[in-house]
Amino acid sequence: MEAKYLEKLQNVEAEAKNLGKLIEDAQDKLNEPVAKLKNEQERLKYRVNILKRAYEDEVGKDIRHMKNITQMLRLYFTIAVDKAYPGLADFPVTVTPTNNPKFGDYQCNVAPPLFAMLKGKNVGVANPRQIAEAIIREFPKSVDVIEKLEIAGPGFINVFLNVEYLIEETKTVFLHGALPAPNPCKKRVIVDMSSPNVAKEMHVGHLRSTIIGESIARLMEYSGHDVLRLNHVGDWGTQFGMLICLLQDKFKDYLKDAKQLPVSDLQTFYKEAKKLFDEDEDFKKRSYACVVQLQSLNPEYIKAWNLICDVSRKEFSKIYARLDIKNLVERGESFYQKRMESLVKELEAKGLLEDDIPEGGGALQGIRKIMHPPDKSLPLIMVKSDGGFTYDTSDMATAKNRIEEEKAEWIIYVVDAGQGTHFQSVYKCAKRAGIWDPNRVRVDHVGFGVVLGEDKKKFKTRSGDTVKLADLLDEGIKRAGDKLREKGRDKEMTAEEFEAAMTSVAYSCIKYADLSHNRNHEYVFSFDKMLEDKGNTAVYLLYAYTRIKSIARKAGVSLEQLVEYATKSKISLSNPKEHKLMKTILKFPEIIEKCGTELVLHPICELLYDIAVYFSEFYDSCYCIEKDSKTGETKIHMDRLVLCEATANVLKQGFEILAIRPLHRM
Ligand SMILES: NC(=[NH2+])NCCC[C@H](N)C(=O)O
């Protein structure tokens, strides 16, 4: 069944793609009317979507993974609309969760817009309600997820979920964990993340890129994609000229056989070099000469450069280890030197570069080479007047490398929002140069706002310096430790447990505070807020998780016993609080889908928070372990323990995507 759909899907997709090419050729060569072909392509695109959904639905019948309820409903409604009103172009059908239980659990509001479209077309419908009725008539029968459909108001269709279905799915989540559905459209995804600059301190902006980038990468992996994390380190460029120059001045002999740089604090070293560079003409001249040597890959200079990079590399890797960042491949700007040279030649041969005199420069400064995007927006500086390359050049070469050599199908740049126009220019030029075809490679800039201090001003230390990441993490640990001690946790745990709790709390809080805000907004960094144990914070969620995990343990029921029970017995859960909790945990796949399309993470945090809140409502009103006041006997509600464990499984999977490590005790 699955294979059949997949094959059909691939055929139709290939056909649609082919037509796309045909259209382009037709436009180029003959310039004849292409409306007919376009229509046909539209129709095929529509079929692709229907088949994709049908395929996902088929795959959805595999019992082990979680099912996306919105997606299933969307498919059913699409089929119903298609049957009731055949031949419509891909009419968008959306299904949204409802806020008021009176109106069911989900809602499909396709009838009113459909009516507006059909009104003039002589199909004999008097009002949207009639359309809603026709859709319900054609709705696939014997769909186990739904209890009933109801029409409300001017033709809204309300969906009430079937409790038996919810119970079955909850059981699945308990038995197999929150498994993702297989992805028929798996892509090779490159996530450009972290990307600090050598010899400069990694700052909070890089922290955001690291945290958000890691979660985006994990989200993509969970969604079945093949992910390559690339660290586009700023390890090339003119600043190395002055660093090497200073190294030569200070440690000329040492450099010959040095394995390690005799400099531990690169930042101070950088400042010293910068000062000389700005004040000493001779030093400046020699620095430029060093850059030339470095860029022509003179081994002696490459060695010095490597020694400098190593110092930073060590610092960076300590941070990555602390934040649990693995598989991040370092591929800095230097990697592209040769590629920049050949790219510039290629662009020049194609006549895409223009000579330009830098603003206020005059002929003295020489001529640089720029490339204009087709819309004449901000041009890229491809070659500086001294012949060197720029950040723009490296990103053009990077785009080419990722598309042509790495065969990326989706490139995601997790870089501060301020660089948005830069990436737009790069990709407009890449398209102009024939490197990038937007139909084949999806490119996204996942931007993020600046980090503010509690005074709502740019995040700085008291003395006005940029905050060092290592210091920030240290302070997090100290604060988390204080908080746990305040609660007397140090007395209830072994030293190791306490240490684990302290670090997990600190790093989780820092990550969660970042991820739970809409990334596009700036966010205020506040240890006090993030360490609160109430509200939407990591501490609250971590406590919820440990508490849930302790329930079965305290009841003396082992996981094996519970698995055996769930496999053999019919589970019944009839309390509204149980239903609410089940419906919330089963929203996980649709929230994942939303995050994957919009490339945001805060909806996952919101869902986890809802789950924790509804769990505590459930736990307060439904006993899992009950003591009979007369007989003194304890009764264990195994069904509820299954719900508890299913809840924990979803939380755990959510934590995994947020790169948060839950604890067994805290
Ligand atoms: N491909 C890229 N340009 N990635 C982002 C690099 C970020 C840059 N190193 C910075 O600190 O601002």
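Numbering of ligands and ligand atoms starts at 1, following listing order. Predicted model only: the values in this text are computed from it and were never measured. By convention here, the first residue in the shown sequence is residue 1.
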Would you please name every residue forming a salt bridge (Lys or Arg N to Asp or Glu O under 4.0 Å) with Glu341, sequence neighbours left out? none
Which residue in the set Glu272, Lys284, Arg286 passes side chain to side chain contact (heavy atoms under 4.5 Å, CB included) when paired with Phe277?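 Output: one option passes, namely Lys284.
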If we ignore angles and hydrogens, is there a donor and acceptor under 3.5 Å between the side chains of Thr466 and Lys460?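 Thr466 vs Lys460: no donor-acceptor pair found between side chains.
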Which pairs, with at least one residue in residues 332-352 and sequence neighbours excluded, count as a ring pair (Phe, Tyr, Trp, His ring centres under 6.0 Å)?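 As it turns out, the ring pair (Phe, Tyr, Trp, His ring centres under 6.0 Å) pairs with a partner in residues 332-352, which skip direct neighbours, are His232-Tyr336.
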Under a 4.0 Å heavy-atom cut-off, what residues line ligand 1?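 Lining ligand 1: Asp192, Ser195, Asn197, His206, His232, Tyr391, Asp395, Tyr413, Val415, Gln419, Phe423.
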Name all residues meeting the side chain to side chain donor-acceptor pair (under 3.5 Å) criterion together with Ser526; count only those two or more places apart in sequence or in a different chain, and write none if there are none. Glu454
Tell me if the NZ atom of Lys350 is crowded by more than 12 foreign heavy atoms within 6.0 Å.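 Yes, because the 6.0 Å sphere around NZ of Lys350 holds more than 12 heavy atoms from other groups.
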